[in-house]
Amino acid sequence: MPSKKALVRRPSPRLAEGLVTHIEREGVDVGRAVEQWEAYTEALRAHGWETIEVDPADDCPDSVFVEDTVVMYRNVALIARSGAESRRAETPGVEEAVASLGCSVNWVWEPGTLDGGDVLKVGDTVYVGRGGRTNAAGVRQVRAAFEPLGARVVTVPVAKVLHLKSAVTALPDGTVVGHVPNMDAPSLFPRFLPVPEASGAHVVLLGGDRLLMAASAPKTAELFADLGYEPVPVDIGEFEKLEGCVTCLSVRLRELYA
Ligand SMILES: NC(=O)NCCC[C@H](N)C(=O)O
């Protein structure tokens, strides 16, 4: 059943202490980050999405990156178990939010680890990045949760970047877009388009031809516009300093059963 709700989570006052793994740490301006987050959520609303705020988790610096805490497939919410221990306290609030929306809730259990940023859905194909945050047991648990519902899970090695979706996402027609220098196994994707900027690899599908993108990828935005899409740029510079992307700031709920 189509729905257009998106979970978001207000940045923690401790945002500047967020994890960095593959890039140099830079100072984060939390006030500016809050403004950028507000503009991001406003862009979702302007394109027809109802934003639902998960209760803030002020003690968790990375809690704004709500995508990592849960993976949706149809009406089932799989609560993640981050490969970064410091992020595990983020999930209870998300669990409550998805349960109150009527989702069927499932969990990744020890020894499995999984970050939502490692999961890319393209139709019924669910690509799962096996990298720093998601282990083999986590991948097996994604299979066990979603294959009985009709998904086909494809595991993708991820070593160069934080998450699978730091390297690739997909256009509305299912074409996977990625920045090749950040990818470990481009040949796994049957229809693939390389993009010229690292942050150009991240799109959030707003509906129709509209693509929410980071303002830091103007050449890729031009490429997508030339292909008939409508890029909607947002400045998420403060989150990019913490290896965040446009995808990680929301979880879209498109098939709620209500
Ligand atoms: N899905 C995402 O792209 N998440 C970004 C998470 C960034 C955060 N600083 C982390 O390292 O967990």
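Remember, it's a predicted structure, so these values are computed and weren't measured experimentally. Both counts, for ligands and for their atoms, begin at 1 and track the order of listing. Residues take their numbers from the sequence shown, with the count starting at 1.
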(request) Could you establish whether E67 and ligand 1 come within less than 4.0 Å of each other, counting only heavy atoms on the residue side? (result) yes
Mind checking whether [X] has an N or O less than 3.5 Å away from an N or O of ligand 1?
X    : result
G117 : no
S166 : no
L19  : yes

(message) If I take atom CG from residue L114 and atom OG from residue S82, how far apart are they, to the nearest 0.5 angstrom?
(response)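 Nearest 0.5 Å value for the CG-OG distance: 8.5 Å.
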(message) How long is the straight-line distance from CZ of R252 back to OG1 of T51, given to the nearest 0.5 Å?
(response) 14.0 Å
Establish, from distance only, whether the side-chain atoms of [X] and [Y] form a donor-acceptor pair under 3.5 Å.
X    : Y    : value
T113 : R81  : no
S199 : S216 : yes
E95  : W107 : yes
T69  : E90  : no

Please could you name the atoms of ligand 1 that [X] approaches to less than 4.0 Å, counting only its heavy atoms?
X    : answer
H163 : 1 (N), 2 (C), 3 (O), 4 (N)
R87  : 6 (C), 10 (C), 12 (O)
C245 : 3 (O)
L162 : 6 (C), 7 (C), 10 (C), 11 (O)
R133 : 10 (C), 11 (O), 12 (O)

(message) With side chain to side chain donor-acceptor pair (under 3.5 Å) as the test, pick out the partner of D68 among R133, K165, R87.
(response) R87
(message) As a check for students: among D115, D68, D62, identify the option with a heavy atom nearest to atom 6 (C) of ligand 1.
(response)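 Among D115, D68, D62, the closest heavy atom to atom 6 (C) of ligand 1 comes from D68.
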At what distance is the nearest protein heavy atom to [atom], and which residue and atom is it?
atom                   : answer
atom 7 (C) of ligand 1 : L242 O, 3.1 Å
atom 3 (O) of ligand 1 : C248 CB, 3.3 Å
atom 5 (C) of ligand 1 : E243 O, 3.4 Å

(request) Could you tell me whether R9 and D58 make a salt bridge, using a distance below 4.0 angstrom between a side-chain N and a carboxylate O? (result)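 Salt bridge between R9 and D58, a charged N being under 4.0 Å from a carboxylate O: no.
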(request) Determine, using the 4.5 Å side-chain heavy-atom cutoff (strictly less than), whether V176 and L164 are members of one ILVMFWY cluster. (result) yes
